[in-house]
Amino acid sequence: MTDKPTVLFVCVHNAGRSQMAAGYLRALGGDRVEVLSAGSAPKDQINPVAVEAMAEEGIDIAGNTPKVLTVEAVKESDVVITMGCGDACPIFPGKRYEDWELDDPAGQGIDAVRPIRDEIRRRIETLIDEILPEGQAA
């Protein structure tokens, strides 16, 4: 892994889970980490309930746009975290892969999305501890 690791979050629509994870990693990791997110079948906009849930945490993801997953994004990443996208993500040797089983916030209300958001934050905090060298943790 380079001095500044690149983390790619992938879910099907790139509108909820992966966007919340990317938002947390940008907020908590700052400029010590590169953050990418993509979807195997991206929607045309971010889930408004995910935007609302993250706004409650003081993190604005409203301006983000879902992006299509590319081989290039996977190649340039040190860590690839999938969230329910099955086999859509290409595998390259030498990368760290994790699959986070999380409920999909699509079509859910804010009360159902908050626990998903909170679990994502917990996992992001653990990830930061694992990928950033000592002395760089927030």
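We're numbering straight along the sequence, starting at 1.
In this structure, Leu127 CG and Trp100 CH2 are separated by 5.5 Å, a value rounded to the nearest 0.5 Å.
Two residues are said to be in side-chain contact when any heavy atoms from C-beta on lie closer than 4.5 Å; Ile46 and Pro66 meet this criterion. For the pair Val49/Pro105, no side-chain contact is recorded, criterion being any heavy-atom separation below 4.5 Å from C-beta on. Under the 4.5 Å side-chain criterion, counting only non-hydrogen atoms from C-beta, Leu28 is in contact with Ile124. You'll find the side chain of Met54 stays beyond 4.5 Å of the side chain of Asp60, heavy atoms only. Annotation: side chain of Val12 is not in contact with side chain of Met83 (no heavy-atom distance under 4.5 Å).
Between Arg96 and Glu98, at least one side-chain N (NZ, or NE/NH1/NH2) sits under 4.0 Å from a carboxylate O, which counts as a salt bridge. Electrostatic pairing of Glu125 and Arg122 does not count as a salt bridge here, judged by no charged N lying under 4.0 Å from a carboxylate O.
Checked by atom type and distance alone, the side chain of Asn47 never pairs as donor or acceptor with a backbone atom of Ala15 at under 3.5 Å. In this structure a side-chain-to-backbone donor-acceptor pair under 3.5 Å is present from Gln19 to Asn14. A donor-acceptor pair is defined here as one N or O able to donate and one able to accept, closer than 3.5 Å; no such pair exists between the side chain of Ser77 and the backbone of Val80. His13 contributes no side-chain N or O that, together with a main-chain N or O of Gly39, makes up a donor-acceptor pair within less than 3.5 Å. Using a distance-only test at 3.5 Å, with no hydrogens or angles considered, a donor-acceptor pair links the side chain of Lys95 to the main chain of Lys75.
Listed by first and then second residue, the salt bridge (charged side-chain N to carboxylate O under 4.0 Å, His left out) pairs involving residues 101-112 are Arg17-Asp104, Asp111-Arg114 (not counting sequence neighbours). Applying the salt bridge (charged side-chain N to carboxylate O under 4.0 Å, His left out) test to every pair with at least one member in residues 33-43, sequence neighbours left out, gives these pairs: Lys4-Glu34.
Remark: Glu76 pairs with no residue by the side chain to side chain donor-acceptor pair (under 3.5 Å) rule, at least two apart or across chains.
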